[in-house]
Amino acid sequence: MAKMKSVITCQKPDVIQNHFGIGLNTWVKLRDGKAIRHSVAIRLLQRLQRDEVI
């Protein structure tokens, strides 16, 4: 999560969507350590690996 936070300049919905392909609600859940849907997690991990964020 720290690496994801370091990539973005602010936490606006359009910035989160453009960088990670997730909505603001999912971002808030991740930030707060809450569970997200498995399919969303897989898609996010794939995108992070592709963009070499993790």
Side-chain angles (χ1 to χ4, degrees):
M1 189 68 197
K3 284 187 178 184
M4 289 176 64
K5 285 182 181 179
S6 72
V7 171
I8 57 174
T9 57
C10 67
Q11 296 185 24
K12 291 183 180 180
D14 58 326
V15 173
I16 301 298
Q17 181 66 44
N18 289 338
H19 278 285
F20 306 121
I22 59 173
L24 184 60
N25 288 338
T26 301
W27 174 257
V28 170
K29 286 180 181 180
L30 286 170
R31 188 186 64 200
D32 294 346
K34 296 181 180 176
I36 61 172
R37 284 193 343 246
H38 184 263
S39 60
V40 174
I42 296 298
R43 190 171 62 240
L44 176 59
L45 287 172
Q46 289 171 341
R47 184 167 186 149
L48 293 175
Q49 287 173 341
R50 183 189 74 213
D51 295 344
E52 297 183 23
V53 175
I54 58 173

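In terms of heavy atoms, Ile22 sits closest to Ile16 at O-CG2, 3.5 Å. When all heavy atoms of Phe20 and Met4 are compared, the pair lying nearest together is CZ-O, 3.3 Å. Summarising the geometry of Leu24 relative to Pro13, their closest heavy-atom pair is CD2-CG, 3.8 Å, with the distance given to 0.1 Å. Contact between Gln11 and Arg31 at its shortest, heavy atoms only, is OE1-NH1, 2.8 Å.
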Ile8 vs Trp27, test: side chain to side chain contact (heavy atoms under 4.5 Å, CB included). Steps then yes/no. CA-CA 12 Å; Ile8 57 174; Trp27 174 257; 3.7 Å; yes
Determine whether Asp51 and Val7 satisfy the following criterion, side chain to side chain contact (heavy atoms under 4.5 Å, CB included), listing intermediate values before the conclusion. CA-CA 11 Å; Asp51 295 344; Val7 171; over 6 Å; no
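Separation of atoms CZ (Arg37) and NZ (Lys29) is listed at 8.5 Å; rounding is to 0.5 Å.
Just one residue in the list Leu30, Ile36, Asp32 forms a side chain to side chain contact (heavy atoms under 4.5 Å, CB included) with Lys34, and that residue is Asp32.
In the hydrophobic clustering of this structure, Met1 groups with Leu48; members are Ile, Leu, Val, Met, Phe, Trp, Tyr whose side-chain heavy atoms approach within less than 4.5 Å, directly or through other members.
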